[in-house]
Amino acid sequence: MSTFQNIITENKEGILTITINRPDKLNALNKNTIEELSTALKTAETNDSVKVIILTGSGQKAFVAGADISEFANYNGEQGKALSADGHVKLFDLLQNLTKPVIAAVNGFALGGGLELAMACHIRIASDNAKMGLPEVSLGVIPGYGGTQRLTQLVGKGKALEMIMTADMITAEDALKWGLVNHVTTQDNLLIKCNEMASKIISRSPSAIASAIRSVNANFQDGVNGFEVEIEEFGKCFVTQDFKEGTTAFLEKRKPKFTGK
Ligand code: COA
């Protein structure tokens, strides 16, 4: 039984769907929601029955319309800094470094912290009504949950600064063109498409996928040589049962049965 107030979790055949459930506030991320997402993700990381995670928002209108503005409107500098630092550790970095794939199903507005949340996921699929943006400078702040970094990594410096400085929302179609999302689909098909991709990923080796996530993430870590991380992770794969199973199944012309060990 889930004890969450702001999110709904459902695990079906290895796919854990986490739905942020504050539709009357367009699923804005308040402190409790961040805590609950953090707890759900940490639990998922160690739960063998979870293979892939889909993160979405409830209702037809929003994925997440940002951090909850009502919570931080009166913060001072110290509190603002702590809000950002805490969010990075508790949720956004946790999400990026999770060794189980996380797909963001962007079903509507993904603004501010909402777009930052989607960008911390490994893959983004958007519905055609989705609108994405980092409107923080219209409130007198900057993106504080990794947006200045992850948007730049995904779309490049010019487009990132354009989005951040104009505070404009872009359409799902533009997000696709710019490489901000992987696919666009109708709202009705969004979770179907995400589940199809999740099912495909589940058929692959979980231990190799974890190695792939660590290697790709190394590309963005200061002072870390991603090629060296790749070499290490590549070597580690050879001692896994998944490697033995994958190569044996290929040679025996059958489908592999991976355990993630
Ligand atoms: N924080 C807190 N509450 C939010 C919110 C946020 N980021 N985004 C939306 N809400 C709340 C609204 O205050 C409103 O609550 P109310 O009914 O109690 O007044 C409710 O969600 C519905 O939003 P509303 O603005 O009435 O919907 P809309 O369709 O007219 O506009 C948006 C939709 C997304 C354009 C608009 O809500 C918006 O600009 N939100 C803020 C986006 C933002 O700046 N995010 C970055 C935060 S750092």
Side-chain angles (χ1 to χ4, degrees), residues 6-10 15-23 26-29 33-34 36-38 40-41 44-45 50-67 87-88 90-134 143 145-147 149-151 153-155 163 169-176 178-187 189-202 209 213 216-217 220:
N6 303 287
I7 63 173
I8 300 166
T9 58
E10 189 192 27
I15 303 173
L16 177 72
T17 303
I18 303 177
T19 307
I20 300 163
N21 188 33
R22 301 181 73 216
L26 303 185
N27 305 320
L29 290 179
T33 307
I34 289 179
E36 290 185 4
L37 284 169
S38 184
L41 291 167
E45 179 86 308
V50 175
K51 310 288 184 204
V52 178
I53 297 156
I54 296 173
L55 185 58
T56 194
S58 82
Q60 306 285 307
K61 210 172 154 181
F63 173 68
V64 169
H88 276 265
K90 273 201 179 125
L91 182 55
F92 295 80
D93 292 349
L94 173 75
L95 199 46
Q96 168 166 305
N97 295 317
L98 217 69
T99 54
K100 294 180 181 178
V102 188
I103 303 172
V106 182
N107 57 310
F109 288 117
L111 302 174
L115 182 56
E116 291 173 299
L117 189 67
M119 291 193 296
C121 294
H122 302 119
I123 289 168
R124 284 150 294 286
I125 303 181
S127 56
D128 51 16
N129 66 314
K131 291 268 170 61
M132 282 156 263
L134 292 179
Y145 287 147
Q149 305 304 297
R150 292 194 182 96
L151 184 64
Q153 290 162 1
L154 282 164
V155 306
M163 281 181 72
M169 296 182 207
I170 64 167
T171 60
E173 200 189 325
D174 280 341
L176 182 65
W178 295 10
L180 182 52
V181 300
N182 298 56
H183 300 277
V184 175
T185 178
T186 59
Q187 192 157 48
N189 274 328
L190 180 62
L191 285 178
I192 296 170
K193 174 98 184 153
C194 291
N195 274 278
E196 279 170 6
M197 190 181 283
S199 299
K200 185 176 280 185
I201 293 171
I202 284 178
I209 283 171
I213 292 172
V216 172
N217 281 346
F220 303 108

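- Taking a 6.0 Å sphere around CD of Q153, one finds it holds more than 12 heavy atoms contributed by other residues, nucleotides or ligands.
- The distance from the CZ atom of R150 to the CG atom of L180 is 13.0 Å, given to the nearest 0.5 Å.
- No donor-acceptor contact under 3.5 angstrom links the side chains of N21 and T19, judged on distance only.
- Put simply, the side chain of R22 gets close to the backbone of A28: a donor and an acceptor are under 3.5 Å apart.
- In this structure, V106 and A118 approach most closely via the heavy-atom pair CG2-CB, 4.0 Å.
- The shortest side-chain heavy-atom distance between L26 and K61 falls under the 4.5 Å cut-off.
- With hydrogens and angles disregarded, a donor-acceptor distance shorter than 3.5 Å links the side chain of T56 to the backbone of A105.
- Side-chain contact between K51 and K100 is absent, with no heavy atoms from C-beta onward closer than 4.5 Å.
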Listing, residues 194-201 side-chain donor-acceptor contacts under 3.5 Å, not counting sequence neighbours, or none:
residue: N195; atom: ND2; partner: L191; partner atom: O; Å: 2.7
residue: S199; atom: OG; partner: N195; partner atom: O; Å: 2.9

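- Side-chain atoms of L95 and C121, non-hydrogen and from C-beta on, do get closer than 4.5 Å to each other.
- Nearest heavy-atom pair, I7 versus A40, reported as atom, atom and distance to 0.1 Å: CD1-CB, 3.8 Å.
- Looking only at distances, a side-chain donor or acceptor of N107 sits under 3.5 Å from a matching main-chain atom of G59.
- For the pair L37/L55, a side-chain contact is recorded, criterion being any heavy-atom separation below 4.5 Å from C-beta on.
- Heavy atoms only, all atoms of each residue included: A120 and F92 are closest at CB-O, 3.5 Å.
- The number of heavy atoms from other shown groups lying within 6.0 Å of CD (Q187) is above 12.
- The closest side-chain heavy-atom distance from I209 to P101 is below 4.5 Å.
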- [ ] Apply side-chain contact (heavy atoms from CB on, under 4.5 Å) to the pair D174 and M132, showing each step before the final yes or no.
- [x] CA-CA 9 Å; D174 280 341; M132 282 156 263; over 6 Å; no
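- Atom CD1 of I54 is separated from atom CD of E10 by 10.0 Å, given to the nearest 0.5 angstrom.
- The main-chain N or O of T99 is found under 3.5 Å from a side-chain atom of E45 such that the two form a donor-acceptor pair.
- Annotation: the span from I202 atom CD1 to I15 atom CD1 amounts to 4.5 Å, rounded to 0.5 Å.
- The shortest non-hydrogen separation linking N6 to T33 is CB-OG1, 3.4 Å.
- For the pair M163/L115, a side-chain contact is recorded, criterion being any heavy-atom separation below 4.5 Å from C-beta on.
- How far CD1 of I53 is from OG1 of T9: 11.0 Å, rounded to the nearest 0.5 Å.
- Applying the ring pair (Phe, Tyr, Trp, His ring centres under 6.0 Å) criterion to F109, with sequence neighbours excluded, gives no partner residue.
- Taking every heavy atom of both residues into account, A126 and V181 meet most closely at CB-CG1, 4.1 Å.
- Side chains of S38 and L94 form a contact here, defined as non-hydrogen atoms less than 4.5 Å apart.
- Counting non-hydrogen atoms of neighbouring residues, nucleotides and ligands closer than 6.0 angstrom, the CD atom of Q60 reaches no more than 12 such neighbours.
- When all heavy atoms are compared, the tightest approach of N217 to N97 is ND2-OD1, 3.3 Å.
- Rounding to the nearest 0.5 Å gives a distance of 11.0 Å between CD1 of I170 and NZ of K131.
- Between N27 atom CG and L117 atom CG the span is 10.5 Å, to the nearest 0.5 Å.
- Between Y145 and H88, the angle of the ring planes goes over 60°, which puts this pair in the perpendicular group of the 30/60° scheme.
- In this structure, the side chain of H122 engages the main chain of Q96 through a donor-acceptor pair within 3.5 Å.
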